[in-house]
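See structure below.
Just follow the structure's listing: the first ligand is 1, and inside any ligand the first atom is 1. Computation of the quantities below employed the complete heavy-atom set of this structure, encompassing side-chain atoms and omitting hydrogens, waters and symmetry-equivalent molecules.
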Amino acid sequence: MKESIGKVPGLAVILVGQRRDSLTYVRNKIKACEEAGIKSVVAEFPDSCAEEDIMTSLSKFNEDPSVHGILVQLPLPEHLDEEKILNLVSLEKDVDGFHPINMGNLSMRGREPLFVPCTPKGCLELLLRSGVEIVGKKAVVIGRSNIVGLPIALLLQRHHATVTIVHACTKNPERITCEADIVVTAAGVPSLIRSSWLKPGAVVIDVGTCPVEVD
Ligand SMILES: NC(=O)C1=CN([C@@H]2O[C@H](COP(=O)(O)OP(=O)(O)OC[C@H]3O[C@@H](n4cnc5c(N)ncnc54)[C@H](OP(=O)(O)O)[C@@H]3O)[C@@H](O)[C@H]2O)C=CC1
Ligand SMILES: Nc1nc(=O)c2c([nH]1)NC[C@@H]1CN(c3ccc(C(=O)N[C@@H](CCC(=O)O)C(=O)O)cc3)C=[N+]21
């Protein structure tokens with residue numbers, strides 16, 4: 001990085017609590033940073049920490065010129081106000097793309113967000129690099145979370161697909177998915193999609209990961 005852009009980019013990660021999945025994801029991110037020549041720092045807080053502690057740490061990262069990107073690992077413990085915390089992340093450092101202004105710009109025509117959430121961006125990239133036509137196609141996204149389902153749906157719409165979102169309250173989801181040319185599923189429910197849910201030849205991306213017990 002230093003050689004190619006003359007600077008060492010810095011990533012700051014805020015990690016609250018000891019969730020096993022979060023620890024794994026953060027470890028993977030740090031490893032990816034090392035491989036890419038990005039300097040990373042992790043600010044770790046106990047589950048019981050005060051909101052103020054996180055806000056103070058975030059403000060420091062916002063002002064630190066050696067930090068170019070900030071990630072707040074989600075989910076946060078219940079007692080913390082996710083909205084308040086994510087709102088404080090500087091727009092220019094919001095590499096997750098979770099700030100409401102970045103999400104808002106993603107959803108508006110003619111606007112460009114500074115960052116797009118990485119998993120949705122990866123899904124779109126996968127479709128584009130695989131030569132899947134998106135314009136005018138029927139796409140169904142299963143899940144509407146802020147970090148996966150919603151931004152994927154918005155991205156597909158930006159690429160001129162006709163998008164339907166299926167969620168936990170959707171009646172007869174099978175009838176909707178079986179008409180889709182493209183299905184992106186991110187519900188976190190294993191074995192939700194059966195073959196009868198899909199049109200032959202449909203392109204399917206399964207974003208979901210689900211831990212299963214093996215003996
Ligand atoms: N590979 C990757 O990079 C990533 C993978 N993931 C994985 O993707 C999955 C989704 O993650 P995330 O979006 O954070 O999860 P959330 O739990 O926040 O959201 C799940 C979504 O799925 C919907 N849903 C739940 N059950 C059903 C159902 N039976 N039928 C239809 N829709 C349903 C929910 O609907 P409702 O809104 O109505 O409750 C909700 O919108 C998880 O398995 C997660 O591990 C997540 C991030 C990155
Ligand atoms: N601020 C924030 N940003 C996130 O990007 C974010 C988050 N919070 N909270 C939780 C979700 C979940 N998430 C995943 C990332 C990678 C895999 C992934 O790569 N899974 C590997 C396995 C990884 C492993 O277990 O070693 C796989 O499916 O092959 C899954 C899920 C990111 N999230």
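- Protein heavy atom in closest approach to atom 11 (O) of ligand 1: Val148 CG2, 4.1 Å.
- Among protein heavy atoms, atom 6 (C) of ligand 2 sits closest to Gln73 NE2, 3.9 Å.
- Atom 19 (O) of ligand 2 lies below 4.0 Å from none of the non-hydrogen atoms of the protein.
- Taking a 4.0 Å cut-off on heavy atoms, Pro173 fails to register as neighbouring ligand 1.
- Across Val207, Leu150, Leu74, Ile142, heavy-atom proximity to atom 4 (C) of ligand 1 is greatest for Val207.
- The protein heavy-atom contact nearest to atom 25 (O) of ligand 2 is Thr24 CG2, 3.9 Å.
- Among protein heavy atoms, atom 28 (C) of ligand 1 sits closest to Leu192 CD2, 4.0 Å.
- Gly188 approaches Cys210 most closely through the heavy-atom pair O-SG, 3.8 Å.
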Exercise for the section: Determine, step by step, whether Glu51 and Lys84 satisfy the salt bridge (Lys or Arg N to Asp or Glu O under 4.0 Å) criterion, reporting the C-alpha distance in whole Å, the side-chain angles of both residues, the deciding distance to 0.1 Å, and the verdict. Expected result: CA-CA 9 Å; Glu51 204 163 86; Lys84 192 168 152 194; 2.9 Å; yes
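- With hydrogens and angles disregarded, a donor-acceptor distance shorter than 3.5 Å links the side chain of His99 to the backbone of Asn87.
- Counting protein heavy atoms under 4.0 angstrom from atom 22 (C) of ligand 2 gives zero.
- A chain of hydrophobic side-chain contacts below 4.5 Å, direct or via other Ile, Leu, Val, Met, Phe, Trp or Tyr residues, connects Val13 to Leu91.
- When atom types are taken as modelled, the side chain of Ser22 and the backbone of Gln18 share no donor-acceptor pair closer than 3.5 angstrom.
- Residue contact check: Ile147 has heavy atoms under 4.0 Å from atoms 14 (O) of ligand 1.
- The distance from ligand 1 to the heavy atoms of Val189 drops below 4.0 Å at these ligand atoms: 26 (N).
- When only non-hydrogen protein atoms are considered, atom 22 (O) of ligand 1 lies nearest to Ala187 CA, 3.3 Å.
- The distance from ligand 1 to the heavy atoms of Gly143 drops below 4.0 Å at these ligand atoms: 21 (C), 22 (O), 23 (C), 41 (O).
- The shortest heavy-atom contact between Val72 and Leu58 is CG2-CD2, 4.5 Å.
- Across all their heavy atoms, Cys169 and Arg144 have their closest contact at SG-NH2, 4.0 Å.
- In this structure, the protein non-hydrogen atom closest to atom 45 (O) of ligand 1 is Thr209 OG1, 2.7 Å.
- Linking ILVMFWY side-chain heavy atoms closer than 4.5 Å, directly or via other members, places Leu80 and Phe61 in a single hydrophobic cluster.
- Within a 4.0 Å radius of atom 37 (O) of ligand 1, the protein contributes one or more non-hydrogen atoms.
- A continuous path of Ile, Leu, Val, Met, Phe, Trp and Tyr side chains, each step under 4.5 Å between heavy atoms, connects Val141 with Val203, placing both in one hydrophobic cluster.
- Checking only distances, Tyr25 never comes within under 3.5 Å of ligand 1, N or O to N or O.
- Closest to atom 12 (C) of ligand 2, if we only count protein heavy atoms, is Tyr25 CE1, 3.5 Å.
- Here the protein heavy atom with the shortest distance to atom 13 (O) of ligand 1 is Ser145 OG, 2.4 Å.
- From the protein, the heavy atom lying nearest to atom 2 (C) of ligand 2 is Asp96 OD2, 3.4 Å.
- Considering backbone and side-chain N/O of Val72, one or more are found under 3.5 Å from N/O of ligand 2.
- In this structure, atom 29 (O) of ligand 2 has its sub-4.0 angstrom surroundings free of protein heavy atoms.
- Contacts of Arg19 with ligand 2, taken as heavy-atom pairs under 4.0 Å, are absent altogether.
- The environment of NZ in Lys199 is crowded: more than 12 heavy-atom neighbours from other residues, nucleotides or ligands sit within 6.0 Å.
- Shortest contact from atom 33 (N) of ligand 2 to any protein heavy atom: Ile147 CD1, 4.2 Å.
- The protein heavy-atom contact nearest to atom 35 (O) of ligand 1 is Ala168 N, 3.2 Å.
- In this structure, OG1 on Thr162 lies 10.5 Å from NZ on Lys137, to the nearest 0.5 angstrom.
- The cluster map of Ile, Leu, Val, Met, Phe, Trp and Tyr, joined by side-chain heavy atoms under 4.5 Å apart, puts Leu88 and Leu86 in the same cluster.
- For atom 4 (C) of ligand 2, the nearest protein heavy atom (residue, atom name, distance) is Lys29 NZ, 3.7 Å.
- Not a single heavy atom of Thr170 sits less than 4.0 Å from an atom of ligand 1.
- Ion pair Glu63/Lys93 not flagged as a salt bridge, since none of the NZ, NE, NH1 or NH2 atoms sits closer than 4.0 Å to an Asp/Glu carboxylate oxygen.
- For atom 40 (C) of ligand 1, the nearest protein heavy atom (residue, atom name, distance) is Arg144 N, 3.9 Å.
- The protein non-hydrogen atom at the shortest distance from atom 27 (C) of ligand 2 is Thr209 CG2, 4.2 Å.
- Of the inter-residue distances, the one linking Cys123 atom SG with Ile182 atom CD1 reads 11.0 Å to the nearest 0.5 angstrom.
- The two residues Thr177 and Val183 have their closest heavy-atom pair at O-CG2, 4.2 Å.
- One N or O on the side chain of His68 and one on the backbone of Gly10 form a donor-acceptor pair closer than 3.5 Å.
- Grouping the Ile, Leu, Val, Met, Phe, Trp and Tyr side chains by contacts below 4.5 angstrom, directly or via other members, places Phe115 apart from Leu74.
- Every atom of ligand 1 is numbered from 1 in the order shown, and the set under 4.0 Å from a heavy atom of Gly208 is 7 (C), 8 (O), 9 (C), 43 (O).
- By the 4.0 Å heavy-atom criterion, Asn28 is counted among the residues contacting ligand 2.
- Nearest heavy-atom pair, Arg158 versus Ser107, reported as atom, atom and distance to 0.1 Å: NH1-N, 4.4 Å.
- The closest protein non-hydrogen atom to atom 32 (N) of ligand 1 is His167 C, 3.3 Å.
- Close N/O approach between Leu74 and ligand 2 is found [any backbone or side-chain N/O within under 3.5 Å].
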